[in-house]
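What follows is a short report on a single structure.
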2 protein chains.
Amino acid sequence: MLSNQSKYAIRAVLYLAIHSDVKNKIGTKEIAEKIDIPAPFLAKTLQSLSKAKLIHSIKGPNGGFYLNKEDQKKNLLDIIECIDGLRKFNECFIGLPRCSDENPCAIHHVVKPFKESLIKELTTNTIEDFAKETQKGKSFIFLK
Amino acid sequence: MLSNQSKYAIRAVLYLAIHSDVKNKIGTKEIAEKIDIPAPFLAKTLQSLSKAKLIHSIKGPNGGFYLNKEDQKKNLLDIIECIDGLRKFNECFIGLPRCSDENPCAIHHVVKPFKESLIKELTTNTIEDFAKETQKGKSFIFLK
DNA sequence: ATATAAAAAGACATTTTTATCTTTATATTT
DNA sequence: AAATATAAAGATAAAAATGTCTTTTTATAT
Ligand code: FES
Ligand code: FES
């Protein structure tokens, strides 16, 4: 479904949502170790998110990445859109040139409801919402 | 979501479901042209399905691929499983080493219901079912 | 001011996916 | 039996995704 890069991005952003703020920036090395993904690739990924202003960063000693209050209010589809684009969510499940109710593919009616509700879930919940569930210990962003 | 190869496989199988039977075999060239995908890649794909006995084939003049009665009763997850495997459907949405209710990732609860219902739709409907809807003109497997 | 630590940028390498081409095996038709 | 059409198998190529390494820039601390 998602690319590895998007998955990494989501996990990293949730990690930042829980552990960072403007006073506590976190470097790629720490994040990569904690969520167990390749550090250089993560760096690239976070730089993309940063360029898109979905997260923020400061260079130099004590620098690193962090989420500010506004960033916390964004949603996971914003993250996915930045890394993978939304094509996956708009395109036909079996590869027809377009996906529409007017010209549905053979499995459009079976697939579309899920696609739509998933998008809704990913947009109506904020990053902060997901982070809170994780902080409560009800869910995880890494497993030992 | 699905690989191109799985998408091609599904469209090709639906094409066969509609146009072929043991008396009317169809070659890769015709299928590839009709559903507008690369013929050599499709050949590879159909060979995999054939080896898995999900579809059938006969070599030589007037040979080709076809679906027999049993094949028509199979479902699309069988096709996907043969080409992509089921890993995609079992694995965690954000890439944790496993997906489970006991150790849910941050978005497990949001994603899992869709995954399960989608699997149900793809397994309870047969290939024949989808083909019939297409034959009735209610859905398509190619668009001009 | 200088040294340092970190992101940013860019170049490079590997793997996977996608696609093509060539040869071989095998049914069918003549 | 021979010719032919087609799937099957295998080898190769191209593109995309993933991953690594090196250099540059910049904010901070000394
Ligand atoms: S047309 Fe195929 S999923 Fe909508
Ligand atoms: S644990 Fe992540 S989707 Fe189930």
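The chains referred to below are lettered A, B, ... by the order of the sequence lines, with proteins before strands, and numbering in each begins at 1.
Residue contacts for A:Ile83: at a heavy-atom cut-off of 4.0 Å it reaches no nucleic acid atom on any strand shown. Using a 4.0 Å heavy-atom distance criterion, A:Gly60 is classed as a base contact.
The base of D:dA7 lies outside donor-acceptor range of the side chain of B:Gln47, with no N or O pair under 3.5 Å.
Of the candidate nucleotides C:dG10, D:dA9, C:dT28, D:dA9 has the atom lying nearest to any side-chain atom of B:Lys44. For A:Phe41, the listed nucleotide lying nearest its side chain is D:dG19; candidates were D:dG19, D:dA27, C:dA19. Of the candidate nucleotides D:dT20, C:dA19, D:dA27, C:dA19 has the atom nearest to the side chain of B:Asn4. Here the side chain of B:Ser3 is nearest to one of D:dG19, C:dT18, D:dA8, namely C:dT18. The side chain of A:Lys59 sits closest to D:dT26 out of C:dT20, D:dA7, D:dT26. Here the side chain of B:Pro61 is nearest to one of C:dA7, C:dA27, D:dT28, namely C:dA27.
A sub-4.0 Å separation between OP1 or OP2 of C:dT18 and a side-chain N or O of B:Tyr8 is absent. Side-chain N/O atoms of A:Thr28 include none lying less than 4.0 angstrom from OP1 or OP2 on C:dA6. In this model, the phosphate group of C:dA8 is approached by a side-chain N or O of A:Ser50 to a distance below 4.0 Å at OP1 or OP2. At the phosphate of C:dA8, OP1 or OP2 sits under 4.0 Å from a side-chain N or O atom of A:Ser57.
Across all non-hydrogen atoms, the minimal contact from A:Val13 to A:Ile79 is CG2-CD1, 3.8 Å. A pairwise comparison of heavy atoms in B:Cys82 and B:Ala52 identifies SG-CB, 3.7 Å as the closest pair. Taking every heavy atom of both residues into account, B:Leu14 and B:Ala131 meet most closely at CD2-N, 4.3 Å.
Annotation: of the two residues near DNA chain D, A:Asp84 and B:Leu46, the 5′-most nearest-nucleotide partner is B:Leu46.
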